[in-house]
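Everything quoted here is computed from the prediction, not taken from an experiment. Starting from 1, each residue takes its place in the sequence as its number.
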Amino acid sequence: MNRRSLLIGFGAAALGGRQALAAQRGPLVLAAASLQESMNAAADAWARLGHARPVLSFAASSALARQIAAGAAADLFVSADEPWMDDVERRGMIVAGSRANLVGNRLVVVQPASAPAAAAKLPLGRLLANGRVALADPASVPAGRYAQASLTRLGVWQSVAPRVVRGENVRAALALVERGAAEWGVVYATDARASRLVRAVRLLPANSHPPIRYPLARLRAATSSDAEGFRRFLLSGAGKAIFARFGFMAP
């Protein structure tokens, strides 16, 4: 066997090895930070059906979209808002026809569970009149953008803005409230439900901000043979029932 044949043989073997590895591993899912508990539960359920467990990576949707734009090798993307999925789609990086809205959510005002409970009927402006207010960064993170839109619509943003403490994602904002670094926070209802260290004190009106929808899509860079199967599972009745257990709504 000559050297050229050897190189071709090694190359084919390496390609076959990569394809076999992709087939064996679970899909890599880039998911919004607010999906941590629910997506882990969905991945566990998928694994119990005999599949390789998906590999999950959580961050702000903005950070994940930028990773995808930079060429991150992932299989599925779940954004906490439609604009960041729109950005990825405009770049031609999702599989046509694979995009669908997975779940919906609401916004709540939270405070540390150790603080005296706020009066239930106190007007929002008075409720947030004093103390720091933790938000995911409104400049780029969906939860922060929804929160700013709501507080603006409700007429309190100008008074709150100088006291806003920004987190890199919604879970970072939640953590600021949990450890007492902020007296108030505006996070998703599902985040408040996931933490024993905060208390939800006010559900913000759904019509005070754009609808909170989490779109899901398969990426063109996908290599896992299970990517489409897991996407379909998440959108199935069984998958959506898992998200409902964690407080998510229909989109």
Side-chain angles (χ1 to χ4, degrees), residues 27-40 42-43 54-91 93-94 99 101-110 132-152 157 160-161 164-179 181-182 184-195 198 204 209-217 219 221 234 243 246-248 251:
L28 174 56
V29 182
L30 304 183
S34 51
L35 293 168
Q36 289 180 38
E37 293 81 12
S38 55
M39 190 63 73
N40 269 295
V55 178
L56 308 177
S57 179
F58 299 102
S61 300
S62 51
L64 296 174
R66 291 177 185 129
Q67 289 175 27
I68 294 167
D75 297 290
L76 300 174
F77 176 41
V78 190
S79 173
D81 75 353
E82 296 177 286
W84 281 115
M85 184 64 80
D86 292 342
D87 180 76
V88 173
E89 187 170 18
R90 277 194 299 269
R91 295 174 186 273
M93 305 189 86
I94 70 172
R99 177 173 174 173
N101 287 327
L102 178 61
V103 292
N105 216 332
R106 294 288 301 273
L107 289 180
V108 295
V109 176
V110 295
R132 293 153 293 189
V133 181
L135 304 180
D137 189 353
S140 59
V141 183
R145 294 200 294 212
Y146 291 129
Q148 181 176 354
S150 180
L151 297 177
T152 299
W157 175 251
V160 165
V164 164
V165 184
R166 300 175 183 231
E168 64 180 11
N169 58 55
V170 70
R171 287 303 174 92
L174 180 70
L176 290 169
V177 183
E178 288 177 327
R179 63 174 184 260
W184 308 100
V186 180
V187 298
Y188 295 126
T190 52
D191 295 308
R193 179 171 172 164
S195 175
V198 304
L204 296 181
H209 54 78
I212 300 174
R213 300 191 183 104
Y214 289 64
L216 158 70
L219 298 172
L234 294 175
F243 291 99
F246 290 87
F248 288 92

What I'd like to find out is whether the side chain of [X] reaches to under 4.5 Å of the side chain of [Y], using heavy atoms alone.
| X | Y | answer |
| --- | --- | --- |
| M93 | F77 | no |
| I68 | W84 | no |
| Y146 | L135 | no |
| V55 | D75 | no |
| E89 | P215 | no |
| D191 | Q36 | no |

Aromatic centroids of F248 and Y214 separated by under 6.0 Å: yes
Ignoring hydrogens and angles, tell me if any N or O in the side chain of [X] forms a donor-acceptor pair with the backbone of [Y] under 3.5 Å.
| X | Y | answer |
| --- | --- | --- |
| S38 | L35 | yes |
| T190 | F246 | no |
| Q148 | R145 | no |

Closest heavy-atom contact between [X] and [Y]?
| X | Y | value |
| --- | --- | --- |
| R171 | S34 | NH2-O, 3.6 Å |
| A192 | V187 | N-CG2, 4.2 Å |
| A182 | A134 | CB-CB, 3.8 Å |
| A221 | A72 | CB-O, 4.3 Å |
| L64 | A31 | CD1-O, 3.2 Å |

Over 12 non-hydrogen atoms of neighbours within 6.0 angstrom of CD in Q67: yes
Spatial distance of atom CZ (R213) from atom OG (S79) [nearest 0.5 Å]: 12.5 Å
Quick one: which of L174, V108, V170, V110 gives a side chain to side chain contact (heavy atoms under 4.5 Å, CB included) with Y188? V170
